2 protein chains.
Amino acid sequence: MTNGKISMTVIRRLPKYHRYLKDLLDKGINRISSKELSEIIGFTASQIRQDLNNFGGFGQQGYGYNVEDLFNEIGLILGLSRPYKTVIIGAGNLGQALANYDFEVHGFQLVGMYDVDENLIGRKIKGIEIKPSNRLVEDCVIHNVDIAYLCTNRESAQNVANALTKCGVRAIWNFTPVDLKISDESVIVEDVHLIDSLLTISYFLKDR
Amino acid sequence: MTNGKISMTVIRRLPKYHRYLKDLLDKGINRISSKELSEIIGFTASQIRQDLNNFGGFGQQGYGYNVEDLFNEIGLILGLSRPYKTVIIGAGNLGQALANYDFEVHGFQLVGMYDVDENLIGRKIKGIEIKPSNRLVEDCVIHNVDIAYLCTNRESAQNVANALTKCGVRAIWNFTPVDLKISDESVIVEDVHLIDSLLTISYFLKDR
DNA sequence: GCAATTTTGTGATTTAATTGACAGACTTTT
DNA sequence: AAAAGTCTGTCAATTAAATCACAAAATTGC
């Protein structure tokens, strides 16, 4: 177990391990070797062992890994040991879609939804009432919100991000096509740039 | 201009170049050096030059790059020179959100939406009527669909993917939390694993 | 039109990521 | 309880990606 800085490429593989281990657990499999896992998950066995060893020696020679233990360990590494409070800004279709995802089972607790559209304000999604955007800052402070799901239009994105930064939100899950400029280095921004993803498809499709 | 295989890391940067060049174009800027672009986009100047040179020498010494030309070139590289026909499978909030995105301006033309929910079937989103899922295969063949946006639940994902592969769809934009197994190597699968993205956030948040 | 400046394109170097290899620890079999 | 087999953890080697450095080509300023 090295304790240097873990690279982003490793971190981005962790959720996949977590998903596959959950599947194995659900199937009642309680033991797996890096070789078997490599065949299911599609990474090399060597990479799996190397990845896991960044965080600790979870396996045992001659045996492999205990699926439940490893699942729990990776859950801990991924920060799933405690709940996070989340808000959704922009309660259109995308915001509503995110509200309906079962992120709660992983500890992501939705505490507020916000929009500027009078037709949406007052509606309830999963028991959460959509409130006007001018309530956002106040509510974030009161509830100590950890993560904001940013689903506004392009035009509002940066302004909302600025407001979120000021009221102590510690991460922004950014679904807008904007690359946000955040002054506070400690605020985490995770982009889901759908158009970038779609253009990657068209790159590969173009001469087929 | 090398014509070996372009690495995935380079390809995934191309849409970002495209977005920033569009912004510059809209601002009326018609000339930019790799150094200036690096300050805006956050890659090194060297990387920008190296990336672009995978596809051709688009710049000029002492001048830099012509913004409009470069924007158009990258559009061509990304396959935006021709339209793609798309369908959405799963017309819930996420499917509807995707239908309402303006992917059309980039040439992604929505030709069908499908769902199994009787309450959704018959509704129209952006002029597209939601049809029952059993019409999917037939329609894909008739319309020669290029890309399917897969927004079903976890349980249906693999079955739908199998059907899509059989009816000639050439790419699947996968929003389900499933890693699809596709026998046809030529079918492109682009995953948008939201839960993986969210867990990356919690990784960084966990001990803050 | 000449000198100074800018800036690309590209080969060389450095850094990062992946894969290979194997000693040693543990398990299983007999 | 010994022998045979399994499989990790880790170091070494390889491959890939990013950065550096600079000659050559073009531009700009005088």
Side-chain angles (χ1 to χ4, degrees), chain A residues 1-17 20-21 24 29-74 77 196 200 203, chain B residues 1-17 20-21 24 29-74 77 196 200 203:
Chain A
M1 174 171 173
T2 331
N3 229 340
K5 202 167 176 302
I6 310 297
S7 82
M8 201 61 192
T9 52
V10 174
I11 294 164
R12 293 223 176 262
R13 279 192 292 267
L14 295 176
K16 193 161 173 179
Y17 290 122
Y20 275 85
L21 287 164
L24 291 168
I29 296 165
N30 46 32
R31 168 186 172 173
I32 196 155
S33 70
S34 59
K35 182 156 177 292
E36 291 167 314
L37 189 54
S38 84
E39 279 153 14
I40 304 171
I41 208 168
F43 306 150
T44 64
S46 181
Q47 181 162 69
I48 292 169
R49 293 202 301 279
Q50 188 119 322
D51 280 352
L52 298 178
N53 262 84
N54 281 296
F55 304 99
F58 303 129
Q60 192 161 50
Q61 280 116 322
Y63 178 88
Y65 300 87
N66 178 287
V67 173
E68 189 173 2
D69 290 351
L70 189 55
F71 174 74
N72 290 332
E73 288 288 356
I74 294 180
I77 294 162
D196 290 18
T200 305
Y203 173 86
Chain B
M1 174 170 173
T2 329
N3 229 340
K5 201 166 178 302
I6 309 297
S7 82
M8 202 59 193
T9 53
V10 173
I11 294 163
R12 293 223 175 262
R13 280 193 292 268
L14 294 176
K16 193 161 173 179
Y17 290 122
Y20 275 85
L21 288 164
L24 291 168
I29 296 165
N30 47 33
R31 168 186 172 175
I32 195 155
S33 71
S34 60
K35 184 157 175 291
E36 292 167 314
L37 188 55
S38 83
E39 280 152 16
I40 304 170
I41 208 169
F43 306 150
T44 65
S46 180
Q47 181 163 68
I48 293 168
R49 293 202 300 279
Q50 189 122 324
D51 281 351
L52 298 178
N53 263 84
N54 281 296
F55 303 99
F58 303 127
Q60 191 160 48
Q61 279 118 323
Y63 178 90
Y65 299 87
N66 178 286
V67 172
E68 188 173 2
D69 289 352
L70 189 56
F71 173 75
N72 291 332
E73 289 287 358
I74 293 180
I77 294 162
D196 290 18
T200 306
Y203 173 86

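In what follows, every heavy atom counts, from backbone to side chain, and hydrogens, waters and symmetry copies are set aside. Reminder, nothing fancy here: chain letters follow the sequence lines and each chain counts from 1. The structure presented is a predicted model; accordingly, all values stated were derived computationally and were not measured.
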Atom-pair distance (CD1 on A:Ile48; P on C:dA17), nearest Å: 18 Å
Rounded distance in Å - CD (B:Gln47) to P (C:dG9): 15 Å
Side chain to side chain contact (heavy atoms under 4.5 Å, CB included) between B:Arg13 and B:Ile48: does it pass, once the steps are laid out? CA-CA 9 Å; B:Arg13 280 193 292 268; B:Ile48 293 168; over 6 Å; no
Tell me which nucleotide among C:dT8, D:dT27, D:dG9 gets nearest to the side chain of B:Tyr63. D:dT27
Can you tell me if the side-chain N/O atoms of A:Tyr65 get under 4.0 Å from OP1 or OP2 in D:dT6? no
Scan B:Phe58 against the nucleic acid and name what it touches under 4.0 Å (heavy atoms): base, sugar-phosphate only, or nothing. sugar-phosphate
Could you tell me the separation between the CG atom of B:Asn66 and the P atom of D:dA26, rounded to a whole number of Å? 16 Å
Just by distance, with hydrogens left out, do A:Ser7 and A:Thr9 show a side-chain donor and acceptor under 3.5 Å apart? yes
Output, in order, the C-alpha distance, side-chain angles, deciding distance and verdict of side chain to side chain contact (heavy atoms under 4.5 Å, CB included) for B:Phe55 and B:Ile74. CA-CA 9 Å; B:Phe55 303 99; B:Ile74 293 180; over 6 Å; no
Remember a base hit wins even if backbone is also touched, and classify A:Ser33 as base, sugar-phosphate or nothing at under 4.0 Å, heavy atoms. sugar-phosphate
Compare the minimum distances between each of D:dA18, D:dT28, C:dG9 and the side chain of B:Arg49, then state the nucleotide with the smallest one. C:dG9
Tell me: NZ of A:Lys35 to P of D:dT6, nearest whole Å? 10 Å
Starting the side chain at C-beta, find the nucleotide from C:dT8, C:dT18, D:dT8 nearest to A:Gln50. C:dT18
Counting side-chain heavy atoms from C-beta on, which of C:dG9, C:dA21, C:dA25 comes nearest to A:Gln61? C:dA25
Considering just the side-chain nitrogens and oxygens of A:Ser34, establish if one lies under 4.0 Å of OP1 or OP2 belonging to D:dC7. no
Mind calculating the distance between NZ (B:Lys5) and P (D:dA16) to the nearest angstrom? 11 Å
Would you say that more than 12 heavy atoms from the other residues, nucleotides or ligands in this model lie under 6.0 Å from the NZ of B:Lys35, or not? no
CD1 (B:Ile41) and CG (B:Leu21) are apart, to the nearest 0.5 Å, by 7.0 Å
C:dG20 phosphate, OP1 or OP2: any side-chain N/O from A:Ser46 under 4.0 angstrom? no
How long is the line joining CG of B:Asp51 and C1' of D:dA16, in whole Å? 14 Å
What's the CD1-P distance between A:Ile11 and C:dA16, to the nearest Å? 14 Å
Whichever of B:Leu52 and A:Arg13 has its nearest DNA chain C nucleotide further upstream toward 5': B:Leu52
Would you kindly compare A:Arg31 and A:Thr9 by the position of their nearest DNA chain C nucleotide and give the one closer to the 5′ end? A:Thr9
Report yes if at least one side-chain N or O of A:Thr44 is closer than 4.0 Å to OP1 or OP2 of C:dT19; otherwise report no. yes
N or O in side chain of A:Gln60 less than 4.0 angstrom from D:dT8 OP1/OP2: no
Integer-rounded Å distance: D:dA17 P and B:Ile6 CD1: 11 Å
Smallest heavy-atom separation, A:Arg31 atom then A:Glu36 atom, equals O-OE1, 4.4 Å
